[in-house]
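Please read the structure below before turning to the comments.
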There are 2 protein chains.
Amino acid sequence: MSRTTLQQIALSLDISVTTVSKALRSYPDVSKKTIEKVKAAAELLNYKPNTFAVNLRTQESKTIGLVIPEIVHQFFSSVVKGVIEEAEKNGYTVIVLQSSQNTEIEKKRIEFLINKQVDGILIALADDTVEYYHLFEAQAIDLPIVMFDKIGKTVPCSKVIIDDLRAGYEATKHLIDCGCTKIAHFRGPLTSQNSIDRYHGYKKALEEYNLEFDESNVYHCKEMSFEIGKENARKLLNHRNGVDGIFVNTDMIAVGAITELKEHGINIPEDIRIIGFGNWFLSSVITPSLSTVEQPSYTMGKIAFNTLFSELNKHKENQHVEHETIILPTEIIARESTLA
Amino acid sequence: MSRTTLQQIALSLDISVTTVSKALRSYPDVSKKTIEKVKAAAELLNYKPNTFAVNLRTQESKTIGLVIPEIVHQFFSSVVKGVIEEAEKNGYTVIVLQSSQNTEIEKKRIEFLINKQVDGILIALADDTVEYYHLFEAQAIDLPIVMFDKIGKTVPCSKVIIDDLRAGYEATKHLIDCGCTKIAHFRGPLTSQNSIDRYHGYKKALEEYNLEFDESNVYHCKEMSFEIGKENARKLLNHRNGVDGIFVNTDMIAVGAITELKEHGINIPEDIRIIGFGNWFLSSVITPSLSTVEQPSYTMGKIAFNTLFSELNKHKENQHVEHETIILPTEIIARESTLA
DNA sequence: CTGAAAGCGCTTACAG
DNA sequence: CTGAAAGCGCTTACAG
């Protein structure tokens, strides 16, 4: 059984395809009577517009691309959920792709989306992405891009982010408030804007409270994994340096660190207090439960989609698009790992 | 800058569009020289086929739909990852949609995919789906469907699953092997095939080892959440009934149960042993770490895609499609929560 | 080996 | 208010 076409409706009513097409979309220059008649016939014949033909004719796909570093990831999967739900409400389809934190793969994904002729792109950059030529290429053919979470500061596009510097500052301040005087930091990749800003926030808090900043208390995590957390906790124990608090770039690493520290008989929070970042679910159920920074993910996805959606619409009407940077709030969640 | 078309290549080489089209796809009836010439020109002009036109002409989209109950979910997000990676390798695009464990939403998602004209559908059913008319509708227009994990036994299509009955049996047997004699079960929804089969596995193990089966030791979890785990653990404590072991339908609920039991001063595994299902990451880091059943997710996604892919190809060549049911292995992971 | 023509199913500018 | 015609950019059956 093949799909009903406009042609078939036209034939059945003995009117033209043109009129059917216009009637179905309630064009004002079609008579009410015809509109009703056509819509009834369409209903009866179970007519569904052929997407392929509509796409070709209108040169838009009502589809957007969403590129994230990882799918199996509490934060990013929540973003995906927010994007998909919002897209659905507005008649858009989402193609989800992952870059696996690799800038080369990211380039391929962008190229794929360009070839697929999506209407716009939502992206959280891979941590090692420092050049944006692939994005500029998309922009050169008028493809709107909106970045979220992992952004490139110099890319001229709208952005949906949190204030990582401030959040890093507050996480560190929280440790200070709990009595820590020698605070280490497990930072993320050197090229990730998130991790750069959180690091700056950490430094700023130390400065402001006249605590010594010592580069050797900053541990560098190339990767956001449990194992890396354990590894760096081991390193820290080898040069403990009197450390009594750690601000960790992300919850998963903090959970690894806690596990390792416990294995070495360190008491948390008595010996070392720890605060993570992201408020992943698992942080609330481990022992001790992990203090962290709550960061919007689902909402970020929704807002990112809506930002892109509004640019898409302005674009269609040839209106000027003003890029905006939306900053979402974060919040310190105090749990057992930083009990005063 | 608009995209290069076949027309433009043809014009630039002073040959026909037909020949360009055939040359680009290396048709044997085009001379080698022409093929080279055309490909060089295409490269030079950065030609990319217009997907919309190709779709309309070939009546296929090289796109499949993937419907899952939840995206923010360790198991399903891993499946998504497997599907997307495999699709990418084979030139397919994936539209991911979620049913939110609601059969009405699931119907809408399927309808959406039909309208979008995907080439095939991969689905894990919502737990409350007991009628399959929406799927039959897709099949009626020759849309291949492959089910995975959450299936409907009576739907005539290929399936990729685990042996839930056997896995449930082995999980229960593991508790018995650890010395448990009064084993409760936290089961999932009554209409979910997974949960039905795991329940039967539980019963079978009790029978086989001559342990009393008591319906009042079966707790019904309508929803796969942490809170429901806590709630049912509370219920169990009210009618403990001598229970010294619990087989829980899924890790998330088991983690909730452990948390609640600990809060009530129950020692795990000394007082009650617990085994979950799914081997979620968090199960390995909570205290005590949770014994569980390892279940393939990423691999299941890959295999599900490949099964659909091969049906798609057979379909194109008008070959008969034989439905198959692929059963993937599971494995007991013994951790602290069931130490003997 | 090459190409003219038809057609996939729509939308829209234009004529009446 | 209605409709004939062109065209979006391809692919393919057919002719030469």
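Worth saying up front: this structure is predicted, and the values here are computed from it rather than measured. To find a chain, count down the sequence lines: A is the first, B the second, and so on, and within it residues start at 1.
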Can we say Asp127(B) and Lys150(B) salt-bridge, meaning some charged N sits less than 4.0 Å from an Asp/Glu carboxylate O?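 A salt bridge links Asp127(B) with Lys150(B).
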Do NZ/NE/NH1/NH2 and the carboxylate oxygens of Lys314(B) and Glu322(B) come within less than 4.0 Å?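 No salt bridge links Lys314(B) with Glu322(B).
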Given that both distances must come in under 3.5 Å, which nucleotide forms a Watson-Crick or G-U wobble pair with dA4(C)?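 In the structure as shown, dA4(C) has no Watson-Crick or wobble partner.
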Rounded off to whole Å, could you give me the [atom1]-to-[atom2] distance for the [X] and [N] pair?
{"X": "Leu6(B)", "N": "dG9(D)", "atom1": "CG", "atom2": "C1'", "answer": "7 Å"}
{"X": "Lys22(B)", "N": "dC14(D)", "atom1": "NZ", "atom2": "C1'", "answer": "9 Å"}
{"X": "Asn55(B)", "N": "dC8(D)", "atom1": "CG", "atom2": "P", "answer": "18 Å"}
{"X": "Asn50(B)", "N": "dC10(D)", "atom1": "CG", "atom2": "C1'", "answer": "8 Å"}
{"X": "Tyr27(A)", "N": "dA13(C)", "atom1": "OH", "atom2": "C1'", "answer": "11 Å"}

Parallel under 30°, tilted from 30 to 60°, perpendicular over 60°: which one fits the rings of His73(B) and Phe76(B)? tilted
Answer with base, sugar-phosphate or nothing: what part of the nucleic acid does Ser21(B) contact at a heavy-atom distance below 4.0 Å? base
Using a cut-off of strictly less than 4.0 Å, decide whether Arg3(B) has a side-chain nitrogen or oxygen near OP1 or OP2 of dC8(D).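 No, because none of the side-chain N or O atoms of Arg3(B) sits under 4.0 Å from OP1 or OP2 of dC8(D).
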Flag yes if more than 12 heavy atoms outside Lys153(B) fall under 6.0 Å of its NZ atom; otherwise flag no.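 Counting neighbours around NZ of Lys153(B), 12 or fewer heavy atoms of other residues, nucleotides or ligands fall under 6.0 Å, so no.
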Pick the nucleotide of DNA chain C nearest each of Val30(B) and Ala53(B); which residue has the one closer to the 5' end?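 Of the two residues, Val30(B) wins.
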Taking for each residue the nucleotide of DNA chain D with the nearest heavy atom, is it Thr18(B) or Asp29(A) whose nucleotide lies nearer the 5' end? Asp29(A)
